[in-house]
Amino acid sequence: MNASAMPQSVVKTPQALSESDIKQRIACRFGEAAAMYDDHALVQKEIADHALSLIANSRNGQAKFAYAIDIGCGTGAFTGRLLEFAHRATGLDLAQGMIHFAQKHYAQKQLSWTVSDAEALPLAEQSIDLIYSSMALQWLSQAEKVAKECFRIISNTGQGTLAVVVDGSLNELNYCWQSLAQSSPVNRFMPVKSWFNAFKNAGFEVQVQQKRFTSWHQNIFAVLHSIKDIGAGVVLDAGQQTPLNKTKLKTLNSVYKDKFGQENKLPLSWQIAFINFHKPQPENID
């Protein structure tokens, strides 16, 4: 049976992809990238380090929290560092492959690992003191859902720090793709304001800072692999995907080099919002 003869319920057009389908695609792609993720996630490390430094500065020598979580923990490479601020920590990730990797490589008694959706966390109300996440939540379609979940699970004296990719990321690649006279497959990320409003409306006191991070690559192949090799090559709007051939890649590389190249290297920039939040304290409530 060819595709055109299949029942409509079997053949899903790109526009018919449900939120569940998209999450499954993301989980599979990141799970497949687990073994090589840390070797390629250099800018991700820089971003995670900055987010953790914000936690350290806010704690300023205060006593440890009881319990911390890392939402979208990936390989677990940074989850263990939450033990600097809490006695126990749990890494949660949508990708089973990532959780398996973390369980194998970070087997400490103070650490635990769980497959979980950030929009439906398997945690009790007010059970978490520190919420951390780095470069994971941008794949969600609704910031409001995760904000409400964070408000539900965080303790009254807890705090959170999230590093989220926002609008303006990968602009170089997006610009150069348009030189091919076709729609860009580069994902569009939510603006900072959407994240701020979501956490504010959930009931938090919120502070946001935005910072740009840039990785440098030898050519367009390296640029594309830098995204693919960390599992981030999932295009949320599948209807925009267009196959690349050698001619298109050559054109893409040439435009990228002419427009953005510096010292024979190509930049790829990430705009990151660092969202710090906590519940209002009694003295701050009118």
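Just so you know, these numbers come straight off a predicted model, no measurement behind them. The first residue of the sequence shown is numbered 1, and numbering continues consecutively from there.
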message: If you count heavy atoms of other groups shown closer than 6.0 angstrom to NZ of Lys148, is the number above 12?
response: no
**Prompt:** Is the gap between the ring centers of Phe199 and Phe277 under 6.0 Å?
**Reply:** yes
Just checking, Lys279 and Phe204: is the charged tip under 6.0 Å from the six-membered ring centre and within 45° of the axis?
no
Shortest non-hydrogen pair, Ala118 vs Leu137, comes out as CB-CD2, 3.8 Å
task = Give a yes or no on whether the backbone of Thr251 and the side-chain of Ser254 come within a donor-acceptor separation of less than 3.5 Å.
result = no
With no hydrogens and no angle check, just 3.5 Å: does a side-chain donor-acceptor pair link Gln207 and His278?
no
Going through the distances and angles, do Trp195 and Val146 end up as a side chain to side chain contact (heavy atoms under 4.5 Å, CB included)? CA-CA 10 Å; Trp195 286 100; Val146 70; 3.8 Å; yes
NZ (Lys265) and OG (Ser215) are apart, to the nearest 0.5 Å, by 11.0 Å
- Look at the side chain of Glu149 and the backbone N and O of Leu121, then say whether any donor-acceptor pair between them is shorter than 3.5 Å. yes
Are any of the side-chain nitrogens in Glu172 or Arg212 under 4.0 Å away from the carboxylate oxygens of its partner? yes
query: Do any N or O atoms from the side chain of Asn276 and from the backbone of Thr161 form a donor-acceptor pair under 3.5 angstrom?
result: no
**OP:** Please confirm whether the backbone N or O of Lys64 pairs with a side-chain atom of Glu84, one donor and one acceptor, at under 3.5 Å?
**Re:** no
query = In terms of the angle between their ring planes, are Trp113 and Tyr106 parallel, tilted or perpendicular, with boundaries placed at 30° and 60°?
reply = tilted
For Ser112 and Thr90 the tightest heavy-atom approach is OG-OG1, 2.5 Å
Side chain of Tyr256, backbone of Pro267: donor and acceptor closer than 3.5 Å?
yes
Report task. Test side chain to side chain contact (heavy atoms under 4.5 Å, CB included) on Asn253 and Leu266 and set out the steps. Result -> CA-CA 9 Å; Asn253 187 73; Leu266 307 182; 3.9 Å; yes
Between Trp270 and Val43, the two heavy atoms sitting closest are NE1-CG1, 3.8 Å
Exercise for the section: Spell out, yes or no, whether Ile71 and Phe151 are grouped together once hydrophobic residues are joined by side-chain heavy atoms under 4.5 Å, including indirect joins. Expected result: yes
For Gly203 and Pro280 the tightest heavy-atom approach is O-CD, 3.1 Å
Query raised in the report: Distance under 6.0 Å and angle within 45° of the ring axis: does Arg59 meet both against Phe85?
Result: no
message = Apply side-chain hydrogen bond (donor to acceptor under 3.5 Å, both in side chains) to residues Ser269 and Thr214 and explain how you reach the verdict.
response = CA-CA 4 Å; Ser269 62; Thr214 303; 5.3 Å; no
message: I want to check a possible cation-pi pair here: Arg81 against Tyr132, using under 6.0 Å from ring centre and within 45° of the ring axis as the test.
response: no
Fill in: Between Gln96 and His100: side-chain donor-acceptor atoms closer than 3.5 Å
yes
In this structure, OG1 of Thr75 is separated from CD1 of Ile99 (nearest 0.5 Å) by 10.0 Å
Walk me through whether Gln159 and Ser58 qualify under side-chain hydrogen bond (donor to acceptor under 3.5 Å, both in side chains). CA-CA 9 Å; Gln159 68 180 71; Ser58 68; 2.8 Å; yes
